[in-house]
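Notes for the one structure printed next.
The residues of the chain are indexed from 1 along the displayed sequence.
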Amino acid sequence: METISGIFDNKGTPLEKQKFTWKEMAGKPISKLDDDAFTRVRIILMNGVETDALRLKHGIARFNKELRLPLAEIRRVEQHQATMVNWLIGADHSPLETTVAYEQVAIEVTAAVAQNEPDPYQAQTYRFGLLEDFDHLYRYSAMLDRLEGKDANNILQGYTDIVPGRKTSEHHRHPENDIRDNYEKNSAALITKIHAALITGAEYQTHDYYQNIGPLFADPLARQLYAEIASVEEQHVTQYGALSDPSESHIEKWLVHEAMEVYMYASCAEQETNPRIKAIWERFLDYELGHLNVACEWFKKIEGRDPAEILAGPLPKMVEFKSQREFVRQVLAAEVNLRTAGPAYVDKAKEPQSSLDYRNHLASEGLASDIVSAGYQWAPGGELMRKHS
């Protein structure tokens with residue numbers, strides 16, 4: 001266990017020295033096939049973290065005039081960080097291939113978080129969402145094979161299984177069954193707060209990506225599949241967003257988010273295999289320490305409290321960017337039939353009528369997620385290879 005001070009005592013790069021050029025922001029992308037899949041996982045995840053940082057700070061600025069300038073100054077840097085990170089995904093990725101990569105992020109990172117999470121209810125929530133993203137990967141992999149003739153494993157590189165999870169057709173719930181119980185801010189571990197901020201931001205990005213690219217497909221099944229899964233991602237943002245304590249002040253949430261960004265860049269820098277990308281993670285770790293320092297000063301000024309009240313205590317190991325296959329298989333075997341009734345997790349037989357009615361109407365004119373994957377079993381090279389052989 002590493003104490004928080006191990007990471008957070010460093011003041012980082014001062015805000016006024018955090019500078020960019022357009023050329024470095026729109027730099028050379030990674031290679032789709034030669035770079036390790038977890039390099040891409042980190043890229044997608046950290047873009048989600050930065051865009052969520054922008055979203056949170058814009059929200060706070062709507063309610064607090066005093067913080068508008070410092071938040072704007074940090075947001076401008078985070079805008080450019082997000083650009084530099086997201087532009088590392090190159091044009092050799094089709095939107096559907098990038099979608100497969102997004103789901104790999106959701107599966108592997110949520111599985112890592114679920115095993116690191118000390119709060120049993122929060123950990124259960126991550127396992128619950130994980131099995132749904134796992135099924136999304138299977139549906140999109142079938143779509144990729146059938147629409148573009150591509151093997152999703154070129155993206156996944158053998159780290160993540162391509163098999164059904166909890167069926168997408170059974171994900172759509174009445175909103176009353178998507179609200180979760182929140183942690184208590186005064187008793188929850190810092191890592192619990194960090195996890196909730198991280199996974200909410202990651203799912204928010206996935207939702208927005210599907211909303212943006214779904215309409216660009218000509219294929220009617222693809223359009224419907226994106227609509228279907230984007231709606232589930234909104235449910236996931238709702239459920240993960242409900243894990244955090246609504247009684248935290250705006251500035252407290254800002255402090256937690258900055259701590260999360262520092263923790264995540266430290267996790268990325270520790271494990272990155274591409275030296276050029278590793279240098280970006282190390283640079284942005286220093287930038288985020290600078291942002292955290294600013295947030296701490298404002299926390300002291302506005303709330304008259306010591307940031308150590310929030311940031312003190314032990315922090316577990318870094319988020320592990322590695323295949324979580326065995327854990328995912330265990331969760332799939334044990335929890336595929338879990339459903340929700342309000343904030344509680346129940347057996348499939350006890351799912352509330354409100355969700356069944358809601359789902360039945362949505363599916364009354366057909367279900368793309370069932371149609372696109374009908375009879376689909378992943379095989380190396382895709383279905384055409386299997387038929388040819």
Side-chain angles (χ1 to χ4, degrees), residues 44 48 51-52 55 95-96 98-107 109-110 125-144 147 164-180 196 199-243 335-343 345-346 348 351-374 376:
I44 292 170
T51 50
D52 197 61
R55 188 182 296 115
L96 201 41
T98 302
T99 297
V100 165
Y102 268 63
E103 294 297 349
Q104 185 174 34
V105 174
I107 294 159
V109 175
T110 309
T125 300
Y126 296 127
R127 295 196 306 271
F128 183 78
L130 158 68
L131 288 189
E132 300 194 331
D133 289 319
F134 188 64
D135 193 75
H136 298 165
L137 174 65
Y138 169 72
R139 309 295 157 177
Y140 281 130
S141 295
M143 186 97 238
L144 180 67
L147 197 62
R166 182 181 302 116
K167 284 183 69 179
T168 296
S169 57
E170 297 179 12
H171 295 180
H172 304 96
R173 295 173 284 277
H174 189 282
E176 69 186 16
N177 300 312
D178 279 321
I179 308 296
R180 306 285 166 254
I199 301 298
T200 302
E203 292 288 309
Y204 217 127
Q205 171 184 230
T206 304
H207 166 265
D208 288 358
Y209 185 68
Y210 296 171
Q211 284 287 94
N212 284 324
I213 67 162
L216 304 181
F217 283 84
D219 184 88
L221 260 188
R223 294 167 63 83
Q224 211 172 304
L225 183 67
Y226 274 96
E228 202 181 314
I229 294 180
S231 183
V232 182
E233 300 300 350
E234 200 287 323
Q235 293 180 211
H236 285 181
V237 178
T238 297
Q239 93 166 355
Y240 293 132
L243 291 176
E335 301 185 10
V336 71
N337 286 328
L338 275 191
R339 301 292 183 267
T340 58
Y345 293 97
V346 299
K348 184 176 182 175
E351 186 169 25
Q353 195 62 40
S354 58
S355 284
L356 299 176
D357 292 344
Y358 174 76
R359 194 150 67 227
N360 287 340
H361 179 78
L362 277 167
S364 59
E365 294 186 310
L367 263 168
S369 60
D370 282 354
I371 298 167
V372 72
S373 56
Y376 181 73

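The shortest distance between side-chain heavy atoms of Gln239 and Glu132 does not fall below 4.5 Å. When side chains are defined from C-beta on, Lys348 does not count as touching Val346, because their heavy atoms never get closer than 4.5 Å. For the pair Asp133 and His236, the minimum side-chain heavy-atom distance is below 4.5 Å. Using a 4.5 Å heavy-atom cutoff, the side chains of Gln224 and Val372 are not in contact. By the 4.5 Å heavy-atom criterion applied to side chains, Leu137 and Val100 are counted as neighbours. The side-chain heavy atoms of Glu335 and Phe128, taken from C-beta on, include no pair separated by under 4.5 Å. Side-chain atoms of Glu233 and Gln205, non-hydrogen and from C-beta on, never get closer than 4.5 Å to each other. In this structure, the side chains of Tyr102 and Tyr140 stay at 4.5 Å or more apart for every pair of heavy atoms.
Of the possible donor and acceptor atoms, one in the side chain of Arg359 sits under 3.5 Å from a partner among the backbone N and O of His172. Put simply, the side chain of Arg173 never gets that close to the backbone of Glu170: no donor and acceptor are under 3.5 Å apart. Between the side chain of Arg223 and the backbone N or O of Pro215, at least one donor-acceptor pair lies under 3.5 Å. The main-chain N or O of Tyr126 is never found under 3.5 Å from a side-chain atom of Thr110 such that the two would form a donor-acceptor pair. With hydrogens and angles disregarded, no donor-acceptor distance shorter than 3.5 Å links the side chain of Ser231 to the backbone of Ala227. Looking only at distances, no side-chain donor or acceptor of Glu228 sits under 3.5 Å from a matching main-chain atom of Leu367. Remark: the backbone N or O of Asp135 is not paired with any side-chain donor or acceptor of Arg166 at under 3.5 angstrom. The backbone N or O of Gly48 sits less than 3.5 Å from a side-chain atom of Thr51, completing a donor-acceptor pair. The main-chain N or O of Arg139 is never found under 3.5 Å from a side-chain atom of Ser373 such that the two would form a donor-acceptor pair. Side chain of Tyr376 to backbone of Tyr138: no donor-acceptor contact under 3.5 angstrom is found.
The structure places CD1 of Ile371 at 5.5 Å from CG of Leu221, a figure rounded to the nearest 0.5 Å. Here the CG-CG distance, from Leu147 to Asp219, works out to 5.0 Å after rounding to the nearest 0.5 Å.
One side chain, Asn177 or Ser355, offers a donor N or O that lies under 3.5 Å from an acceptor on the other.
Between Tyr226 and Phe217, the ring planes lie parallel to each other; the angle is under 30°, not in the 30° to 60° tilted range.
None of Glu103, Glu234, His171 except one satisfies the side chain to side chain contact (heavy atoms under 4.5 Å, CB included) rule with Ile229; the exception is Glu103.
Remark: Asp208 engages Arg55 in a salt bridge (charged side-chain N to carboxylate O under 4.0 Å, His left out) (not counting sequence neighbours).
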